[in-house]
Amino acid sequence: MKKYFLTIFLTAGVSFAHAQTFDFPLISSNQQLIEEAVSDGFFILHRSYQLKDSKKSNPEYYNWGDANYFGETFTLGIKTLDGYLIDDAAVHPWLYDAKFDEYRENSKYEPVISESEYKGLNDKPFAEFPNVDAKPQLVGDGQFYYVTDSVFGGNGFQIDKTGGVKKGWIVWVTASDSLLNNIELLIIRSEQEFTGGKIAYPVKSPVTDKHVVGGIFVKPEVSAIGHVVFRLSGLMSSLDGQWQIIRILQSTEDKTVKKTEAKKGLTPAKKQKK
């Protein structure tokens, strides 16, 4: 069984004397090297939900219009050694759906996840996402959740929660649209000092005409001769147009929800989706 620790084995013409960190100038070949090392650490999570009529003994479920769901989200997931990290929009897709606002205060309707599926950045098609009942733990600024799970078989990033100066790379994930089609990675050199319990650190937005999905901040370290490990030091989050590196630390922040006007109504679902 393949053991995936997001490592690179360097050969032919690359040597290290006693370096503790991987620190070379950013050139196109390095970008390609990093992309190949980290791209399999991402996945796309598609989640849809329905509204459940909680007042009935035999509940009825509702979709939106002709769709087989009320709402849906496509979000970026990050694999780790013993689980994965996902966005709040994957855990609570209704909180980011304007259609749900008019039902938000109505106790009759309860939003429930109706379908979960995932794929690699360039894989087709989606596959059913297992163990959807795993309990997420809030981390960072309240935008992300960590789930302890063996779904990826221990193949993922090792999380770095330490402070201090981090010399590494921001790996931006971009797509042609909000459905996360035509994914591309942008690799940009970055240095950041993590201090105390501070969680968020502003960074410049990437220069691209594509939709920026998110990204990660990774710190490479030489763990042995020819053996480089990329440690996951932060997640990229946008707040009011400002991108930030978010440290992966436990959070107790409550989520706030913006309200907008909904324009259509409910459509009874033919059956509940498991």
Side-chain angles (χ1 to χ4, degrees), residues 4-10 21-45 74-81 83-87 89-90 118-123 139-141 143-144 146 152 155-162 165-176 178 180-194 199-223 228-239 242-248:
Y4 174 58
F5 288 97
L6 291 172
T7 61
I8 303 177
F9 294 91
L10 304 176
T21 59
F22 197 55
D23 191 11
F24 50 68
L26 179 60
I27 57 177
S28 58
S29 60
N30 293 335
Q31 290 176 305
Q32 181 66 31
L33 189 67
I34 296 167
E35 180 173 336
E36 291 177 358
V38 305
S39 60
D40 284 346
F42 297 100
F43 65 96
I44 297 171
L45 181 58
F74 292 82
T75 58
L76 187 67
I78 314 296
K79 302 175 187 177
T80 67
L81 291 182
Y84 54 89
L85 289 147
I86 52 177
D87 192 274
Y118 77 113
K119 67 177 183 177
L121 295 188
N122 298 303
D123 293 344
V139 298
D141 64 344
Q143 181 65 32
F144 301 100
Y146 185 77
F152 296 112
N155 298 317
F157 290 100
Q158 186 175 61
I159 296 177
D160 173 21
K161 297 183 179 180
T162 64
V165 176
K166 308 290 181 178
K167 295 181 179 181
W169 285 267
I170 296 176
V171 181
W172 294 102
V173 180
T174 68
S176 60
S178 60
L180 307 197
N181 291 309
N182 304 314
I183 289 286
E184 292 182 0
L185 301 184
L186 296 177
I187 315 295
I188 299 176
R189 184 68 179 272
S190 181
E191 180 176 328
Q192 183 65 59
E193 182 178 8
F194 291 163
I199 296 231
Y201 299 82
V203 294
K204 292 182 179 180
S205 301
V207 178
T208 177
D209 57 359
K210 299 187 71 175
H211 170 64
V212 180
V213 181
I216 58 176
F217 178 51
V218 292
K219 176 179 177 290
E221 294 181 359
V222 175
S223 59
V228 180
V229 178
F230 284 84
R231 303 190 188 279
L232 181 61
S233 297
L235 305 170
M236 308 312 297
S237 174
S238 179
L239 178 63
Q242 172 65 63
W243 281 98
Q244 304 174 91
I245 298 175
I246 304 299
R247 294 181 65 184
I248 308 173

First locate atom CG of Leu185, then atom CD1 of Ile170, and finally report the distance between them rounded to the nearest 0.5 Å. 13.5 Å
Those residues that, when tested against Asp87, pass side-chain hydrogen bond (donor to acceptor under 3.5 Å, both in side chains) (two or more places apart): Gln143
Would the distance check show the side chain of Gln242 and the main-chain N or O of Ser205 forming a donor-acceptor pair, the cut-off being under 3.5 Å? no
Lys161: salt bridge (Lys or Arg N to Asp or Glu O under 4.0 Å) partners, not counting sequence neighbours: none
Note: Pro220 and Gly168 closest approach over all heavy atoms is CD-CA, 3.9 Å
Any donor-acceptor N or O pair under 3.5 Å, side chains Asp160, Ser233: yes
Who passes side-chain hydrogen bond (donor to acceptor under 3.5 Å, both in side chains) against Thr80, sequence neighbours left out? Tyr146
Partner set under side-chain contact (heavy atoms from CB on, under 4.5 Å) for Ser238, not counting sequence neighbours: Trp243
Holding to side-chain contact (heavy atoms from CB on, under 4.5 Å), I want the full list of residues that pass it with Asp123, two or more places apart in sequence or in another chain. Lys119
What's the spacing between Leu121 CG and Asn182 CG if we round to 0.5 Å? 12.0 Å
Output all residues satisfying side-chain hydrogen bond (donor to acceptor under 3.5 Å, both in side chains) with Tyr118, sequence neighbours left out; order by chain, then residue number. none
In terms of heavy-atom contacts, Thr174 and Lys210 come closest through OG1-CD, 3.8 Å
Minimum-distance pair of heavy atoms, taken over all atoms of Gln244 and Leu239: NE2-CB, 3.6 Å
Which distance, rounded to the nearest 0.5 Å, do you find between the CG of Leu85 and the CD1 of Ile246? 12.5 Å
Partner residues of Thr75 under the side-chain hydrogen bond (donor to acceptor under 3.5 Å, both in side chains) criterion, sequence neighbours left out: none
All heavy atoms of Val165 vs all of Glu191, minimum pair found to be CG1-OE2, 3.5 Å
CZ of Phe230 to NZ of Lys219, rounded to nearest 0.5 Å, is 11.0 Å
Which is it for Phe217 and Tyr201 under the ring pair (Phe, Tyr, Trp, His ring centres under 6.0 Å) test, yes or no, and what are the steps along the way? CA-CA 11 Å; Phe217 178 51; Tyr201 299 82; 9.4 Å; no
Kindly write out the residues that satisfy salt bridge (Lys or Arg N to Asp or Glu O under 4.0 Å) with Glu35, not counting sequence neighbours, or none if the list is empty. none
